[in-house]
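For reference, positions follow the sequence shown, starting with 1.
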Amino acid sequence: MWLQASAPDKPALGQTCNGCGVCCAAEPCPVARLFLLQFRGSCQALEWHADVQQYRCGMLVQPAKYVRLLPFAWQGWFARRVRRWIAAGTACDSDASVGE
């Protein structure tokens with residue numbers, strides 16, 4: 001998998017999420033499978049945010065870009081649901097590893 005060189009190193013399983021992007025680069029989550037119909041490969045909604053040197057879920061930060069028929073008024077509600085569904089910012093739950 002390819003990730004930005006300046007992305008943070010992947011935390012140990014169970015440690016606090018740091019936006020490394022490894023989990024989303026390794027495979028699409030259930031939210032991507034359901035709303036993007038993506039079942040393998042790096043998630044289409046994985047976004048690099050150079051200002052904070054971290055990856056973010058595009059379904060969370062700009063949902064209308066990925067779910068085109070999502071009404072503007074529902075974007076906040078949808079983003080809150082995505083945050084909960086993917087447990088954003090909680091603990092690392094990916095056992096994927098980045099090759100050297």
Side-chain angles (χ1 to χ4, degrees):
M1 77 185 73
W2 185 89
L3 293 167
Q4 293 286 338
S6 55
D9 291 334
K10 183 187 174 302
L13 195 64
Q15 296 297 311
T16 303
C17 174
N18 65 3
C20 72
V22 171
C23 55
C24 301
E27 65 181 328
C29 73
V31 171
R33 289 182 186 123
L34 179 63
F35 291 100
L36 302 177
L37 301 176
Q38 183 184 1
F39 300 97
R40 70 181 87 150
S42 293
C43 181
Q44 302 168 45
L46 180 61
E47 297 182 355
W48 173 248
H49 288 250
D51 56 330
V52 292
Q53 298 290 293
Q54 293 180 331
Y55 281 95
R56 297 282 188 247
C57 173
M59 300 279 284
L60 178 62
V61 296
Q62 48 184 347
K65 178 178 176 182
Y66 298 95
V67 182
R68 303 255 184 223
L69 298 176
L70 184 67
F72 181 79
W74 293 6
Q75 289 184 52
W77 176 88
F78 185 79
R80 287 189 299 277
R81 294 297 135 340
V82 169
R83 177 177 298 281
R84 184 173 180 184
W85 293 331
I86 66 173
T90 57
C92 178
D93 64 355
S94 175
D95 59 2
S97 62
V98 180
E100 297 296 316

Considering only heavy atoms from C-beta outward, does the side chain of [X] approach that of [Y] to under 4.5 Å?
X	Y	result
Cys92	Cys17	no
Met59	Leu36	yes
Val61	His49	yes
Glu27	Phe39	no
Ile86	Cys57	yes

Checklist line | Gap separating the OH atom of Tyr55 from the CG atom of Leu3, nearest 0.5 angstrom | finding: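 With rounding to 0.5 Å, OH (Tyr55) is 4.5 Å from CG (Leu3).
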Note to self: Working to the nearest 0.5 angstrom, can you tell me the gap between Arg56 CZ and Cys24 SG?
What the structure shows: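 Result: 11.0 Å between the selected atoms.
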For the side chain of [X] and the backbone of [Y], is there at least one donor-acceptor N/O pair under 3.5 Å apart?
X	Y	answer
Gln15	Ala12	no
Arg33	Pro28	yes
Lys10	Ser94	yes
Asp93	Leu13	no

Next item on the list: May I ask whether Trp2 and Val22 are part of the same hydrophobic cluster, defined by side-chain heavy atoms of I, L, V, M, F, W, Y residues being less than 4.5 angstrom apart, directly or through others?
Entry: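 Yes; Val22 is reachable from Trp2 via cluster members.
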Next item on the list: May I have the step-by-step check of side chain to side chain donor-acceptor pair (under 3.5 Å) for Glu47 and Gln62, ending in yes or no?
Entry: CA-CA 10 Å; Glu47 297 182 355; Gln62 48 184 347; 2.6 Å; yes
Note to self: side chain to side chain donor-acceptor pair (under 3.5 Å) for Arg40 and Gln38? Distances and angles first, verdict last.
What the structure shows: CA-CA 6 Å; Arg40 70 181 87 150; Gln38 183 184 1; over 6 Å; no
Next item on the list: Could you tell me whether Phe35 and Phe78 have their ring centroids closer than 6.0 angstrom?
Entry: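 Between Phe78 and Phe35, which both carry aromatic rings, the centre distance is below 6.0 Å.
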